[in-house]
Colleague: 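Pasting a structure below so you can have a look.
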Amino acid sequence: MTLSRPPCLDVLAFALLAFLAPFLAAPATGAPQSAVAARVPGAGPQLAYVPNEGAGTISIIDTVSDKVLAELPGGSKPRGLAVDPQRRWLYVSDQPRNRLQLVDLAGRKLGGEIALGESPEGVSISPDGRWVVAALEGHNQIAVVDTRSHALAHAIAVHGKNPEHAVFSPDGRLLFVSAEEGDAVDVIDFASRKQVAQVVVGARPRGIGFLPDSRRAYVATENANEVFVIDTVSFAVVARIKAGLRANGIAVHPDGREVYVSNGGDANVSVIDTVSNQVVATIPVGGRPWNMALTRDGKKLYVANGRSNSVSVIDTVNRVKLRDIPVGKLPWGVVIR
């Protein structure tokens, strides 16, 4: 004789599984959330990625604890770096090999390579995550890579010689390019993939940043020791701000009220008020501060110190340095995602 199971037992079993599901899916109690985030793309707190060009590595820093979570391979000489929105891939310029090196974040290993052209340096990603661009110093071009196919899609010629940075405006409309050997910034209309303007600034333009509404760009000029403010509609210079010695990296606060410029020769960071266009504070950091990045809430600024092999963390509310984090040799910059 076959006995049938009472329906009430099925109901009880379903309820028990529903109750236990969150506990079965949760990570082990002893596993820190930052460690879990380092394994799962896109999960957990924001992470800071630091290319160490002298070590051939990428340091990953938890921006909550300010601890280094991992050191990943980054190619022979990693410099410019971008992270896709899901934190699955790093896109790293490998300058001596003329390649864009892909790093698999989940597997913590090198992925594929994309041939670009001679001497790629600065790298950035479009606001929608579709395109990665790299400045090609040797070809005076901007390489455009499609993140869907991981293939080179376009090469855009620029007038400036030896381009170092290529940075998207927050609305994705424009690409500003700084060229080391000159005193101008090239402006590309990204939809048409063509240069539409060239703006004269000070000698040796370097870092570039935009206000959140994309209406103004800030450009550091290393040999002029100034920051130039450019209207992105008229392409006119609307202000010149005296910075420190060898002004270099630029970072813009998410609320648009302050801009930060690293001064490589002074080992400090200047804070610029965007209403008055005046320097309102100066914060000491490590040796030869270079490129920088802010957390999403703007409360912490991370500064790569090339000669100190460290990253300085600045409390932007109180305008003080919190700590220095040791990383690899010759850190070039910071990207936070």
Side-chain angles (χ1 to χ4, degrees), residues 122 124 126-127 133 135 142 156 158-161 163-192 194-266 268-283 289 291-294 298 301 316 319:
S124 68
S126 60
V133 296
I142 304 303
I156 306 170
V158 292
H159 300 324
K161 189 176 180 181
E164 179 175 0
H165 290 281
V167 181
F168 281 97
S169 58
D171 60 11
R173 184 175 63 92
L174 299 174
L175 197 61
F176 270 45
V177 181
S178 59
E180 290 186 56
E181 296 182 30
D183 59 358
V185 171
D186 295 317
V187 181
I188 294 170
D189 174 80
F190 192 68
S192 66
K194 292 181 180 179
Q195 180 165 341
V196 294
Q198 188 176 62
V199 184
V200 175
V201 292
R204 204 173 178 88
R206 292 281 202 173
I208 302 167
F210 292 85
L211 292 184
D213 63 5
S214 300
R215 291 186 62 85
R216 287 189 175 183
Y218 292 75
V219 181
T221 55
E222 186 175 24
N223 288 353
N225 306 319
E226 288 182 289
V227 174
F228 284 70
V229 186
I230 300 171
D231 183 296
T232 59
V233 176
S234 66
F235 303 129
V237 173
V238 295
R240 296 172 60 169
I241 305 163
K242 189 66 178 175
L245 183 62
R246 300 194 189 104
N248 199 293
I250 291 283
V252 180
H253 196 280
D255 66 13
R257 295 178 182 177
E258 292 183 340
V259 169
Y260 306 89
V261 53
S262 61
N263 302 304
D266 285 338
N268 60 30
V269 170
S270 298
V271 183
I272 297 170
D273 177 274
T274 59
V275 175
S276 65
N277 283 328
Q278 298 291 322
V279 172
V280 293
T282 302
I283 306 165
N291 297 299
M292 310 175 288
L294 286 145
L301 176 69
T316 61
R319 296 174 178 166

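Quick note: numbers below take in every heavy atom, side chains included, and nothing from hydrogens, waters or symmetry partners. Starting from 1, each residue takes its place in the sequence as its number.
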Colleague: Before accepting this row, confirm whether a basic side-chain N of the pair R204/E180 lies closer than 4.0 Å to the acidic partner's carboxylate O.
Modeller: yes
Colleague: Backbone N or O of G172 within a donor-acceptor pair of the S126 side chain at under 3.5 Å?
Modeller: no
Colleague: About how many Å separate OG1 of T221 and CD of E226, when rounded to the nearest 0.5 Å?
Modeller: 5.5 Å
Colleague: Of I142, V167, I188, V177, which is the lone residue that meets side chain to side chain contact (heavy atoms under 4.5 Å, CB included) with V133?
Modeller: I142
Colleague: Just checking R173: does its CZ atom have more than 12 heavy atoms from other residues, nucleotides or ligands closer to it than 6.0 angstrom?
Modeller: yes
Colleague: Going from CG on L211 to CZ on R216, what distance comes out if it is rounded to the nearest 0.5 angstrom?
Modeller: 7.5 Å
Colleague: What are the two closest heavy atoms between P127 and S169, and how far apart are they?
Modeller: CG-O, 3.7 Å
Colleague: Check whether N225 reaches the backbone of R246 with its side chain - one donor and one acceptor, N or O, closer than 3.5 Å.
Modeller: yes
Colleague: So, taking the atom named OG1 in T316 and the one named NE2 in H253, what distance separates them when rounded to the nearest 0.5 Å?
Modeller: 4.5 Å
Colleague: Is the shortest heavy-atom distance from the side chain of R319 to the side chain of V280 under 4.5 Å?
Modeller: yes
Colleague: Looking only at heavy atoms, which two atoms of T232 and A217 are closest? And how far apart?
Modeller: CG2-N, 3.9 Å
Colleague: Where the side chain of S214 meets the backbone of D171, is there a donor-acceptor pair that is under 3.5 Å apart?
Modeller: yes
Colleague: Can you give me the closest heavy-atom contact between G182 and P205, atom names plus distance?
Modeller: O-CD, 3.3 Å
Colleague: Is there a side-chain contact between L294 and Y260 (heavy atoms, below 4.5 Å)?
Modeller: yes
Colleague: Is a side-chain N or O of S178 found less than 3.5 angstrom from the main chain of G207, in a donor-acceptor match?
Modeller: no
Colleague: In Å, rounded to the nearest 0.5 Å, how long is the span from CG of L301 to CD1 of I283?
Modeller: 7.5 Å
Colleague: What are the two closest non-hydrogen atoms of N263 and S270, and how far apart are they?
Modeller: ND2-OG, 2.9 Å
Colleague: Donor-acceptor pair, distance only, cut-off 3.5 Å: does the side chain of D266 make one with the backbone of L245?
Modeller: yes
Colleague: Quick check: does any side chain N or O of Q198 sit under 3.5 Å from a backbone N or O of H159, one acting as donor and the other as acceptor?
Modeller: no
Colleague: Within the side chain of D231, is there an N or O that forms a donor-acceptor pair under 3.5 Å with the backbone of V233?
Modeller: yes
Colleague: Quick one: closest heavy-atom pair of P212 and P254, and the distance?
Modeller: CG-O, 3.1 Å
Colleague: Walk me through whether H165 and I250 qualify under side chain to side chain contact (heavy atoms under 4.5 Å, CB included).
Modeller: CA-CA 11 Å; H165 290 281; I250 291 283; over 6 Å; no
Colleague: Among T274, I272, V259, exactly one meets side chain to side chain contact (heavy atoms under 4.5 Å, CB included) together with V252. Which residue is that?
Modeller: V259
Colleague: Do the side chains of V200 and F228 get nearer than 4.5 Å, heavy atoms only?
Modeller: no
Colleague: Just verifying a value: how many Å separate S276 OG and I241 CD1, rounded to the nearest 0.5 Å?
Modeller: 8.0 Å
Colleague: Is there a side-chain contact between E222 and E164 (heavy atoms, below 4.5 Å)?
Modeller: no
Colleague: Parallel, tilted or perpendicular: which fits the ring planes of F235 and F176, with parallel below 30° and perpendicular above 60°?
Modeller: tilted
Colleague: Would a 4.5 Å heavy-atom cut-off, applied to side chains only, mark V261 and V279 as touching?
Modeller: no
Colleague: Nearest 0.5 Å, please: how far is CD1 in I208 from CZ in F168?
Modeller: 12.0 Å
